[in-house]
Amino acid sequence: MKIIVAGGDGFCGWPTALYLSKQGHDVAILDNLVRRKIDDELHSNSVTPIASLEDRVNKWKEITGKEIKTFVGDLNHYDFLAQVFEQFEPDAFVHFAEQRSAPYSMIDREHAVYTQTNNVMGNLNVLYAIKEFAPECHLIKLGTMGEYGTPNIDIEEGYIEIEHKGRKDTVPYPKQPGSFYHLSKVHDSHNIQFACKIWGIRATDLNQGVVYGLHTEETKLDPALNNRLDYDGVYGTALNRFISQAAIDHNLTVYGSGNQTRAFLNIEDTVRCVEIAADNPADNGEFRVFNQFTEWFSVQELADKVQKVAKEEGIDISVDHLENPRVEKEEHYYNAINTKLRDLGLEPHLLTDEVIRDILKTVIEHKERVIKDNVLPSISWK
Ligand code: NAD
Ligand code: USQ
């Protein structure tokens, strides 16, 4: 298959591009490299040193003989996007290319507007490009479990059957997202569903949980293929952040009670889920939704796990409860369904002490790169 990985220079996109290339697909990366510029804006960095996109794909070719083409440009420049579609003629378009930090979207008006413009308009351009240049192309779009929020009922996969005043219908599951970033994903989902209905586009929305880890078999082949690992208060996500904190002897930063629960998966499962979606495309006109996670944990449970493994490695840190910078429920019901990817063959890599230890050892190797001022949260929802 000819597959474009948009956002292929990022944390999820890079290992996915390598994995799909290894599986024999003809892969091209589209990325405007804005994530690297945001590191400069935030005076932050990846714990792991990462090579330039050019060096990354050159090293991949040198090691495997496989070529990954690159298109450096912005989804919001439609002329550029049109050219990419005309030249590459994709069978599938994997769309990771969005601003993905909830705290970044909550910095101020400008960052909220940037996030929603970049994400919603970029995705709308992709929908138009598929309609205009590749109507059979399968859109595999990264959504988020955070679209659903934390309702007091089970979270279904995209749709819910409801009975109202004696009549029944199956409707999109209600969305109660928790940041302007998460809202951008809801807006994307609505636009994709509408485009499927009116133009007959085929699309899969992968409502992904929080991703942890950094290595895949492919990224481990050479330091030039390293994946990025975010630890800062803006882009770092719960588990990877706690492990990075342990590596520098920093107490773990649980926000509020820590009883807030989220769905998680290993980066090794992210790449496989995308492959499963590509191998089993949605039908023409179908807007399919998969919940892409393998387990759920409260933030406290994650901190406890990291504290235990760190202790075994001779690192003694405590779990701090910081005033929560976010507006979110800290006590809530959580039960989310995730059977569709499992039914199509996903075999989860679950979170074990060994997985935590492995990430911890990598961070320790590079711990002098961690900028300590970036560790505590600095952005408030209010
Ligand atoms: P990332 O920031 O590391 O990567 C995103 C990439 O997209 C970056 O390389 C960036 O330069 C590029 N990009 C952004 N806007 C672009 C544009 N307009 N045109 C071209 N390129 C653009 O993020 P990630 O962690 O790899 O996340 C990838 C996707 O998966 C996002 O859509 C995110 O919402 C979703 N997701 C991520 C997680 C997670 O825990 N990391 C969880 C659930 C969903
Ligand atoms: N949290 C802490 N301490 C920290 C960091 C986070 O207690 O140091 C808590 C947060 O308050 C929140 C939970 O951990 O309750 C998750 O926060 P996060 O930063 O790990 O994840 P989130 O902001 O939800 O965003 C991340 C990705 C985003 C993706 C989302 C999946 O950045 O792109 O969409 O995970 S989900 O959470 O399922 O929506």
Side-chain angles (χ1 to χ4, degrees), residues 5-16 29-39 46 53 71-77 80-81 94-106 114-115 117-119 121-123 125-126 141-150 177-179 181-182 184-185 188 206-212 227-228 230-242 244-245 252-265 267 270 291-293 296-300 302-303 320-322 324-330 336 375-377 381:
V5 179
D9 189 46
F11 168 64
C12 298
W14 173 243
T16 302
I29 286 176
L30 181 162
D31 203 297
N32 66 353
L33 310 181
V34 68
R35 182 68 192 84
R36 293 175 187 252
K37 289 180 201 126
I38 292 177
D39 272 343
S46 157
L53 179 57
F71 296 100
V72 174
D74 195 319
L75 292 182
N76 283 301
H77 296 159
F80 159 77
L81 186 60
V94 183
H95 181 7
F96 288 108
E98 297 203 332
Q99 191 302 97
R100 70 107 173 124
S101 156
Y104 189 85
S105 76
M106 300 301 291
Y114 165 73
T115 300
T117 309
N118 184 63
N119 296 2
M121 300 308 136
N123 182 62
N125 280 324
V126 171
K141 166 69 170 51
L142 269 291
T144 174
M145 285 301 291
E147 290 185 40
Y148 303 117
T150 50
S179 72
Y181 152 71
H182 287 95
S184 74
K185 296 290 197 185
D188 287 344
L206 296 174
N207 282 345
Q208 185 169 238
V210 186
V211 184
Y212 61 84
N227 198 10
R228 66 173 300 132
D230 296 307
Y231 64 91
D232 59 85
V234 186
Y235 275 87
T237 51
L239 183 63
N240 279 1
R241 222 166 113 63
F242 293 157
S244 307
Q245 291 165 354
L252 308 186
T253 58
V254 166
Y255 300 162
S257 74
N259 291 327
Q260 58 274 48
T261 298
R262 295 290 181 272
F264 287 81
L265 76 164
I267 185 74
T270 294
N291 289 347
Q292 180 166 313
F293 69 91
W296 63 76
F297 302 101
S298 71
V299 177
Q300 180 70 44
L302 291 180
D320 286 351
H321 288 262
L322 276 51
N324 197 333
R326 305 185 182 201
V327 177
E328 62 185 0
K329 280 188 203 147
E330 291 174 14
V375 173
L376 287 175
W381 260 226

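Order of listing sets the numbers, starting from 1, for every ligand and every atom in it.
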Any side-chain heavy-atom pair from [X] and [Y] closer than 4.5 angstrom?
{"X": "N227", "Y": "F11", "result": "yes"}
{"X": "L322", "Y": "P377", "result": "yes"}
{"X": "H77", "Y": "N32", "result": "no"}
{"X": "L33", "Y": "V72", "result": "yes"}

Heavy-atom closest pair, residues W14 and L53: CZ3-CD1, 4.4 Å
Residue pair T16 / F96: nearest heavy atoms and the distance that separates them: OG1-CZ, 3.5 Å
L75, portion touching ligand 1 at heavy-atom distance under 4.0 Å: both
Does at least one non-hydrogen atom of [X] fall below 4.0 angstrom from an atom of ligand 1?
{"X": "A6", "answer": "no"}
{"X": "K185", "answer": "yes"}
{"X": "G143", "answer": "yes"}
{"X": "Y212", "answer": "no"}

Provide the number and element of each atom of ligand 1 under 4.0 Å from a heavy atom of [X].
{"X": "D9", "value": "9 (O)"}
{"X": "G73", "value": "19 (N), 20 (C)"}
{"X": "L33", "value": "11 (O)"}
{"X": "G10", "value": "3 (O), 4 (O), 9 (O), 26 (O)"}
{"X": "Y181", "value": "33 (C), 34 (O)"}

Heavy-atom proximity to atom 30 (O) of ligand 1, best of N32, D74, L142, V34: L142
Close N or O approach (V210, ligand 1; < 3.5 Å): no
Short N or O distance, D31 and ligand 1, threshold 3.5 Å exclusive: yes
Quick one: nearest non-hydrogen protein atom to [atom], plus distance?
{"atom": "atom 40 (O) of ligand 1", "answer": "V211 N, 2.9 Å"}
{"atom": "atom 24 (P) of ligand 1", "answer": "R100 NE, 3.7 Å"}
{"atom": "atom 31 (C) of ligand 1", "answer": "F96 O, 3.4 Å"}

Is a donor on one side and an acceptor on the other found under 3.5 Å between the side chain of [X] and the backbone of [Y]?
{"X": "Q260", "Y": "T150", "result": "no"}
{"X": "R241", "Y": "V375", "result": "yes"}
{"X": "K185", "Y": "M145", "result": "no"}

Listed partners of [X] passing side chain to side chain donor-acceptor pair (under 3.5 Å), at least two apart:
{"X": "R326", "value": "none"}
{"X": "S244", "value": "none"}
{"X": "Y235", "value": "Q99"}

Amino acids contacting ligand 2, non-hydrogen cut-off under 4.0 Å: R100, A102, T144, M145, G146, Y181, H182, Q208, G209, V210, G236, T237, A238, R241, F242, T253, V254, Y255, Q260, R262, V299, R326, E328
Plane angle bin for F80 and F71 - parallel if under 30°, tilted between 30 and 60°, otherwise perpendicular: perpendicular
Short side-chain donor-acceptor distance under 3.5 Å, E98 and S184: no
